[in-house]
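Remarks on the structure that follows.
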2 protein chains.
Amino acid sequence: MVQNPSESPPQSEPFAADLLRGHTDTIVLGVLRGAESYGFEIYKTIRDATGGLYEIKEATLYATYRRLVKDGLVEASWGDETQGGRRKYYRITDAGRAVYAKNVQSWTATQRIINTLLNVKGGTP
Amino acid sequence: MVQNPSESPPQSEPFAADLLRGHTDTIVLGVLRGAESYGFEIYKTIRDATGGLYEIKEATLYATYRRLVKDGLVEASWGDETQGGRRKYYRITDAGRAVYAKNVQSWTATQRIINTLLNVKGGTP
DNA sequence: GGCTAGTAGTTGATCAGATACAGTAATAGT
DNA sequence: ACTATTACTGTATCTGATCAACTACTAGCC
């Protein structure tokens, strides 16, 4: 979702939230593929990775975490912050890595298909 | 959705229906951008454009047509088939062309963003 | 005639992902 | 004390996609 950067004129068309639907799991797995992380940090990583242009809502992400844990694609455990707030850390599992690899391929195929259907010369140059 | 081409082993991971979610409108507009068409023909065009690999379900498309008409992006009218079954023809409007152009840009941006988040070298080469 | 398949369009119920919204709770800065 | 930020959670709702039917006409086959 496009953030309205405070002062900028609101003529920039927001891209619909649904455009990334179905990719959230893969994106989170992609973040965790590098290193383990906790919920809020993953959120910030995603937000910052696009220069603040795009944001997946916290509620969406926490729902995603739950789903990924349920499916055995990531493992969760509470950190031992003796001081400071609790953090739940997530690690990608082998199953998660496998699904990630598969999903990246699906994503590539999806791009090809949509670009074909739209007659768009696709992708990042 | 991946069609299981009859005899092929079912190891091919289907890409989730949701992966193209939000793009159906744009895809239909893209088809109509070239020439007017009727419901079932649009369905076949999309199905065939990907070599049968991908299919948007008829029910999904008819819901899409209704939405596009409601939003004024296409116009509908019954053909005058004196013999044979009825066909409802769809034409893209100027508003539809504008939305199409905008959506293609959104799609391009979306690709960039996801490719960034997944660290994928993106798109069709 | 009866059967099947293909074309063409439509409806109602349901699912799942994303979001809005609200809330809890702790810490750090002023 | 107040406020912002960090961090996580739960409930309700929206929407697009799909399923599973259904109507209706045409053409080919036995």
Side-chain angles (χ1 to χ4, degrees), chain A residues 1-3 14-29 37-48 54-71 73-74 76-90 103 110 113-114, chain B residues 1-3 14-29 36-48 54-71 73-74 76-90 103 110 114:
Chain A
M1 194 151 291
V2 166
Q3 300 289 82
F15 30 106
D18 272 334
L19 292 190
L20 284 96
R21 189 185 251 251
H23 303 289
T24 309
D25 292 28
T26 311
I27 289 169
V28 170
L29 289 175
S37 187
Y38 59 91
F40 202 68
E41 192 180 46
I42 296 171
Y43 161 75
K44 286 182 293 183
T45 300
I46 294 172
R47 193 192 54 191
D48 297 347
Y54 179 77
E55 184 193 5
I56 301 177
K57 297 293 182 296
E58 285 176 73
T60 304
L61 285 175
Y62 285 108
T64 300
Y65 303 152
R66 254 175 274 141
R67 191 166 49 239
L68 291 174
V69 168
K70 195 194 65 187
D71 294 346
L73 306 186
V74 308
S77 59
W78 287 103
D80 54 352
E81 278 71 37
T82 41
Q83 40 64 273
R86 66 219 169 124
R87 290 173 174 171
K88 196 183 269 183
Y89 284 86
Y90 298 98
N103 286 1
T110 302
I113 288 173
I114 298 191
Chain B
M1 196 152 292
V2 166
Q3 301 289 83
F15 32 105
D18 273 334
L19 291 190
L20 284 96
R21 188 184 254 248
H23 303 289
T24 309
D25 292 30
T26 310
I27 290 169
V28 170
L29 289 175
E36 80 166 30
S37 186
Y38 58 92
F40 202 69
E41 193 180 45
I42 296 170
Y43 162 74
K44 286 183 293 184
T45 300
I46 294 171
R47 194 192 52 192
D48 298 347
Y54 179 76
E55 184 193 6
I56 300 178
K57 297 295 184 295
E58 286 175 73
T60 302
L61 285 174
Y62 286 109
T64 300
Y65 303 152
R66 250 176 278 139
R67 191 166 51 237
L68 291 173
V69 168
K70 195 195 66 186
D71 294 346
L73 307 186
V74 309
S77 59
W78 288 103
D80 53 353
E81 278 72 35
T82 42
Q83 42 61 276
R86 69 222 166 118
R87 289 174 175 172
K88 196 184 269 184
Y89 284 87
Y90 298 98
N103 287 0
T110 302
I114 299 191

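By convention in this document, chain letters (A, B, ...) are assigned in the order of the sequence lines, proteins followed by strands, and residues within each chain are numbered from 1. Computed from a predicted structure; not experimentally measured.
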Determine whether [X] and [Y] make a side-chain contact, defined as any pair of heavy atoms from C-beta on separated by less than 4.5 Å.
X: B:Trp78; Y: B:Tyr38; result: no
X: B:Leu61; Y: B:Ile46; result: yes
X: A:Tyr65; Y: A:Val74; result: no

In whole angstroms, how far is the [atom2] atom of [N] from the [atom1] atom of [X]?
X: A:Glu55; N: C:dA20; atom1: CD; atom2: C1'; value: 13 Å
X: A:Arg21; N: D:dT15; atom1: CZ; atom2: P; value: 12 Å
X: B:Ile42; N: C:dT7; atom1: CD1; atom2: C1'; value: 15 Å
X: B:Lys57; N: D:dC19; atom1: NZ; atom2: P; value: 5 Å
X: A:His23; N: C:dA18; atom1: NE2; atom2: C1'; value: 13 Å
X: A:Arg47; N: D:dT5; atom1: CZ; atom2: C1'; value: 11 Å
X: A:Asp25; N: C:dG17; atom1: CG; atom2: P; value: 7 Å
X: B:Phe40; N: C:dG9; atom1: CZ; atom2: P; value: 8 Å

Any side-chain N or O of [X] under 4.0 Å from OP1/OP2 of [N]?
X: B:Lys88; N: C:dT10; result: yes
X: B:Arg86; N: C:dA8; result: no
X: A:Thr24; N: C:dG17; result: no
X: B:Tyr62; N: C:dT10; result: no
X: B:Lys44; N: C:dA8; result: yes
X: A:Arg67; N: C:dG17; result: yes
X: A:Thr60; N: C:dT19; result: yes
X: A:Thr64; N: C:dG17; result: no

Q | Residues that A:Ala76 engages under side chain to side chain contact (heavy atoms under 4.5 Å, CB included), provided they are two or more places apart | A |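 A:Ala76 satisfies side chain to side chain contact (heavy atoms under 4.5 Å, CB included) with A:Val69, A:Lys88, A:Tyr90 only.
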
Q: Scan A:Tyr38 against the nucleic acid and name what it touches under 4.0 Å (heavy atoms): base, sugar-phosphate only, or nothing.
A: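 A:Tyr38: backbone/sugar contact only, no base atoms under 4.0 Å.
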
Q. What is the nucleic acid contact for A:Glu58, judged by heavy atoms within less than 4.0 Å: base, sugar-phosphate only, or nothing?
A.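 Touches a base.
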
Q: Only counting residues at least two apart or in another chain, list the ones meeting salt bridge (Lys or Arg N to Asp or Glu O under 4.0 Å) with A:Arg66.
A: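 Expected list: none.
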
